[in-house]
Amino acid sequence: QVQLVESGGGLVQAGGSLRLSCAASGWIFSRRSMGWFRQAPGKEREFVAAAPWSGVSTLYADSVKGRFTISRDNAKNTLYLQMNNLKPEDTAAYYCARGRTVSSGLGAVEYDVWGQGTQVTVSS
């Protein structure tokens, strides 16, 4: 059973920080790239960040560059998203996703398995 389970969301004030986690199971984690997407009510799902299998050459949306950091621990089958200096416009459900290859990019079509999401709400 291929599965992704996000955690770590919550309610924070603007300027605060959160770290999201995504626990993966059902495949050899290091053989796929991983990504984070988010979706706010009434809006399209948008790309946030991606990490290839090695964790290097990471990719970020312009809106989060310099504030968010994606990382992965292949030994723990876990993907992370460290979010600093959060803004109200970051409010959304955040989803982790498995890439179709070892180095997927910003397009949702490049990912084939999705978690259920974790809610991040930033006040102010």
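Residue pairs meeting the side-chain hydrogen bond (donor to acceptor under 3.5 Å, both in side chains) criterion with at least one partner in residues 83-95, sequence neighbours excluded, are Ser17-Asn84, Arg38-Asp90, Arg38-Tyr94, Arg67-Asp90, Gln82-Asn84. Within the structure, side-chain hydrogen bond (donor to acceptor under 3.5 Å, both in side chains) contacts touching residues 106-115 (residues at least two apart or in different chains) are Arg32-Asp112, Arg98-Asp112.
Residues Leu81 and Val48 are in side-chain contact: their nearest non-hydrogen atoms beyond the backbone lie under 4.5 Å apart. The side-chain heavy atoms of Leu20 and Val120, taken from C-beta on, include a pair separated by under 4.5 Å.
A donor-acceptor pair under 3.5 Å links the side-chain atoms of Thr78 to the main chain of Lys76, judged by distance alone. Of the possible donor and acceptor atoms, one in the side chain of Arg72 sits under 3.5 Å from a partner among the backbone N and O of Phe29. At least one donor-acceptor pair under 3.5 Å links the side chain of Arg100 to the backbone N or O of Val109. Between the side chain of Glu6 and the backbone N or O of Thr118, no donor-acceptor pair lies under 3.5 Å.
For the pair Pro88 and Ala14, the tightest heavy-atom approach, listed with the atom from each and the gap, is CD-CB, 4.2 Å. In terms of heavy atoms, Val113 sits closest to Leu4 at O-CD1, 3.5 Å. Nearest approach of Leu79 to Gly35, heavy atoms of both residues: CD2-O, 3.8 Å.
Rounded to the nearest 0.5 Å, atoms CH2 (Trp36) and CD (Glu46) are 14.5 Å apart. Atom CZ of residue Arg45 and atom CZ of residue Phe37 lie 8.5 Å apart, to the nearest 0.5 angstrom. Atom OG of Ser124 and atom CD of Gln13 lie 8.0 Å apart (nearest 0.5 Å). Distance check: Cys96 SG to Gln116 CD gives 10.0 Å after rounding to the nearest 0.5 Å.
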Would you check, one step at a time, whether the test side chain to side chain contact (heavy atoms under 4.5 Å, CB included) holds for Ile28 with Trp53? CA-CA 11 Å; Ile28 299 176; Trp53 72 272; over 6 Å; no

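Residues satisfying the ring-ring contact (aromatic ring centres under 6.0 Å, His included) criterion with Tyr80, sequence neighbours excluded, are absent altogether. Residues satisfying the side chain to side chain contact (heavy atoms under 4.5 Å, CB included) test with Ser33, not counting sequence neighbours, are Ser104. Taking the side chain to side chain contact (heavy atoms under 4.5 Å, CB included) definition, one finds that Ala23 meets it with nothing, sequence neighbours left out. Remark: Lys65 engages Tyr60, Asp62 in a side chain to side chain contact (heavy atoms under 4.5 Å, CB included) (not counting sequence neighbours).
Hydrophobic clustering, with ILVMFWY side chains joined whenever heavy atoms are under 4.5 angstrom apart, keeps Val56 apart from Phe68.
Heavy atoms of other residues, nucleotides or ligands lying less than 6.0 angstrom from CD of Gln119 number more than 12.
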